[in-house]
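Okay, so here's the structure we're looking at.
Quick note on labels: first sequence line is chain A, next is B, and so on, each numbered from 1. Source: prediction; values computed, not measured.
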2 protein chains.
Amino acid sequence: MSGKTFSSVWLREPRKPASPGRSRQEIVKAAVELLDEEGLDGLSMRKLGAKLSAGATSLYWYVANKDELLELVYDEVWGKMRVPDPAEVGWREAVLVLAHSMRQVILDHPWSAELIGRLPALGPNALHVANEMRAMFKQAGFKGPDTDYAIATLTAFIFGMTIPEVAWNSKSGTPELDPEEMHAVLGQIFARYPHMREGYELSQRENPRVVREVAFDFGLVSVLDGLERRLPT
Amino acid sequence: MSGKTFSSVWLREPRKPASPGRSRQEIVKAAVELLDEEGLDGLSMRKLGAKLSAGATSLYWYVANKDELLELVYDEVWGKMRVPDPAEVGWREAVLVLAHSMRQVILDHPWSAELIGRLPALGPNALHVANEMRAMFKQAGFKGPDTDYAIATLTAFIFGMTIPEVAWNSKSGTPELDPEEMHAVLGQIFARYPHMREGYELSQRENPRVVREVAFDFGLVSVLDGLERRLPT
DNA sequence: ACCTGAACACCGTTCAAGT
DNA sequence: ACCTGAACACCGTTCAAGT
């Protein structure tokens with residue numbers, strides 16, 4: 001009869017909101033630990049159950065399915081972001097701090113990168129960040145829908161820069177891999193693409209970690225400058 | 001002894017480069033069809049084997065593992081992007097066309113959104129696009145590493161805007177879901193966040209598809225304006 | 001050179017049954 | 001109200017064996 005409703009953990013009452021013992025909180029905490037240690041593939045309902053010395057399927061009493069669990073841990077990550085008050089530090093400084101903090105939190109919890117854009121961000125922490133971000137852009141002088149476009153643009157940039165960075169870290173970092181050989185192999189790949197080869201050679205001369213920092217800053221001020229031009233005069 | 005090397009399909013010689021019959025090409029084509037029909041979760045080695053009327057495990061002769069197969073289909077998607085010649089149409093027009101085309105291709109093949117940032121883009125099609133993109137920014141006047149920062153910024157924006165758009169489409173589109181109820185539920189969620197509520201109400205007045213188009217355009221010109229300011233004078 | 005089937009070690013989820 | 005174990009329907013991947 002009634003159509004299937006938009007589903008998300010945040011739309012369902014948790015069972016026993018403040019019960020002692022095993023609870024959503026405990027489960028989420030254990031899940032985050034497991035994720036930090038073993039990554040997204042390392043989290044299975046069975047392993048998590050074991051970690052809580054519970055039957056593999058006990059968790060299904062607290063959570064409808066694995067996706068709901070992921071929504072919960074995803075929101076944890078939003079809770080770690082620093083949200084300065086734009087009225088105190090100015091809108092541009094507030095945005096800069098938030099942006100760097102978002103990047104850092106994702107780098108600290110690489111599994112969250114794969115969750116972005118796969119899960120809706122409707123948890124209280126995510127909403128709080130979104131709300132404050134909107135306050136920052138209103139403080140800057142944006143009106144009406146432009147405020148939302150500006151938010152979307154900035155978050156797109158932050159996530160779009162950071163997600164590939166995480167992927168790169170996990171690819172190049174994990175196995176002991178011979179830098180010489182890798183360099184030879186990549187050099188060979190780029191050989192046929194003249195423009196790219198120059199870029200590759202340039203990037204080789206620097207520490208990759210600082211290159212990515214610099215790239216992030218370069219992009220961030222560019223985006224903010226571009227947005228600022230859209231302010232009503 | 002020698003460390004594990006950076007692994008990617010593109011670094012291994014394909015078996016029988018141009019053999020008739022079952023081949024990488026056939027496999028990739030079938031895989032893309034399966035993905036378009038059933039999405040990323042719908043692609044399994046067994047199903048793909050069946051579709052090719054082959055044993056489930058025959059594919060392992062052409063491809064080392066599923067990730068390699070995904071790298072191959074991912075590069076297919078890069079092959080669909082329109083790459084205008086900046087010398088003909090001007091750098092800014094070229095970038096605009098490419099950006100819109102990248103967005104559209106991802107919307108057309110939603111499964112590709114989840115692959116971005118999970119897989120390295122080292123296929124010939126991806127490299128070609130990257131190479132041409134670099135040509136566009138050099139044409140604009142960028143020098144040295146700034147060229148790469150500009151590329152990174154623009155692609156971050158494009159992917160960062162489009163990935164969540166795909167997620168939203170698949171969440172809100174698939175089930176028959178009551179718009180009234182959804183509106184009520186979201187309204188309730190946003191009630192506690194004053195800034196966000198305004199944004200939500202504004203967005204409700206428009207067709208969501210055109211809202212996202214407009215947001216993309218707004219962000220795109222902002223990003224390009226911001227980058228342009230970084231050009232040497 | 002290519003393909004197969006059986007087997008291994010996993011998954012998420014359901015559900016009747018226990019306390 | 002909470003937890004369990006067995007069971008179902010899947011996975012990706014390995015490998016000895018076939019032609």
Side-chain angles (χ1 to χ4, degrees), chain A residues 4 7-9 12-28 30-31 34-35 37-74 111 114-115 118-119 174-175, chain B residues 4 7-9 12-28 30-31 34-35 37-74 111 114-115 118-119 174-175:
Chain A
K4 195 153 135 214
S7 84
S8 172
V9 225
R12 297 191 310 112
E13 284 296 312
R15 314 241 193 173
K16 275 266 182 187
S19 85
R22 206 121 65 222
S23 67
R24 269 197 183 175
Q25 262 194 51
E26 302 257 349
I27 293 172
V28 169
L34 205 50
L35 286 165
E37 289 162 13
E38 306 195 27
L40 197 54
D41 289 339
L43 176 70
S44 76
M45 299 304 267
R46 287 170 219 261
K47 273 196 213 167
L48 184 56
K51 190 179 171 110
L52 293 161
S53 28
T57 60
S58 313
L59 310 166
Y60 283 89
W61 201 80
Y62 296 93
V63 127
N65 51 41
K66 193 184 180 181
D67 265 5
E68 280 205 4
L69 176 63
L70 291 176
E71 281 190 81
L72 292 169
V73 296
Y74 183 37
W111 46 269
E114 286 194 53
L115 265 26
R118 192 174 116 189
L119 265 32
T174 34
Chain B
K4 198 153 135 214
S7 85
S8 170
V9 224
R12 297 192 310 112
E13 283 297 311
R15 314 240 195 174
K16 275 270 185 184
S19 85
R22 207 120 65 220
S23 67
R24 269 197 182 175
Q25 261 193 52
E26 302 257 350
I27 292 173
V28 169
L34 204 50
L35 286 165
E37 288 162 14
E38 306 195 26
L40 196 54
D41 289 340
L43 176 69
S44 76
M45 299 302 268
R46 286 170 218 263
K47 273 197 213 164
L48 183 56
K51 190 177 169 110
L52 293 160
S53 27
T57 60
S58 312
L59 310 166
Y60 282 88
W61 201 80
Y62 296 93
V63 127
N65 50 43
K66 194 182 178 182
D67 265 5
E68 281 205 3
L69 175 64
L70 290 176
E71 282 190 80
L72 292 169
V73 296
Y74 183 36
W111 46 269
E114 287 195 51
L115 265 26
R118 192 174 116 189
L119 266 32
T174 32

Could you give the [atom1]-to-[atom2] distance, from [X] to [N], as a whole number of Å?
X      : N       : atom1 : atom2 : value
L59(A) : dT14(C) : CG    : P     : 13 Å
W61(A) : dG12(C) : CH2   : P     : 21 Å
L52(B) : dC2(C)  : CG    : C1'   : 15 Å
K66(A) : dT14(C) : NZ    : P     : 14 Å
D41(A) : dC10(C) : CG    : P     : 14 Å
M45(B) : dT14(D) : CE    : C1'   : 13 Å
N65(A) : dC11(C) : CG    : P     : 17 Å
L69(B) : dC11(D) : CG    : P     : 14 Å

Exercise. Using a 4.0 Å heavy-atom cut-off across all strands, classify L43(A) as base, sugar-phosphate, or nothing.
Key: sugar-phosphate
Exercise. Kindly indicate, with the supporting measurements, whether the criterion side-chain contact (heavy atoms from CB on, under 4.5 Å) is fulfilled by L40(A) and R118(B).
Key: CA-CA 12 Å; L40(A) 197 54; R118(B) 192 174 116 189; over 6 Å; no
Quiz item: Which atoms form the tightest heavy-atom contact between W111(B) and V73(B), and what is the distance?
Solution: CH2-O, 3.9 Å
Exercise. Identify, between T57(B) and T57(A), the residue whose nearest nucleotide on DNA chain D lies closer to the 5' end.
Key: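 Upstream on the strand: T57(A).
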Quiz item: If you draw a 6.0 Å radius around CD in Q25(B), do more than 12 non-hydrogen atoms from other residues or ligands fall strictly inside?
Solution: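 No, CD of Q25(B) has 12 or fewer neighbouring heavy atoms, counting only those of other groups under 6.0 Å.
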Quiz item: Is dG5(C) paired to anything, Watson-Crick or G-U wobble with both distances less than 3.5 Å, and if yes, which nucleotide?
Solution: dC15(D)
Quiz item: Between L119(B) and L70(B), is a side-chain contact (heavy atoms from CB on, under 4.5 Å) present by the stated rule, with each step listed?
Solution: CA-CA 8 Å; L119(B) 266 32; L70(B) 290 176; 3.7 Å; yes
Quiz item: Taking the side chain of S58(B) as its heavy atoms from C-beta onward, which of dC2(D), dT4(C), dG12(C) lies nearest to it?
Solution: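 The answer is dT4(C).
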Quiz item: Any side-chain heavy atom of V63(B) sitting closer than 4.5 Å to one from I27(B)?
Solution: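 Not touching, per the 4.5 Å side-chain cut-off.
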Quiz prompt | Gap in Å between the two P atoms, one belonging to dA9(D) and one to dA9(C), rounded | solution = 22 Å
Practice problem: Check whether any side-chain N or O of Y60(B) sits under 4.0 Å from OP1 or OP2 of dC15(D), and answer yes or no. | Solution: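 False: Y60(B) side-chain N/O out of range (4.0 Å or more) of dC15(D) OP1/OP2.
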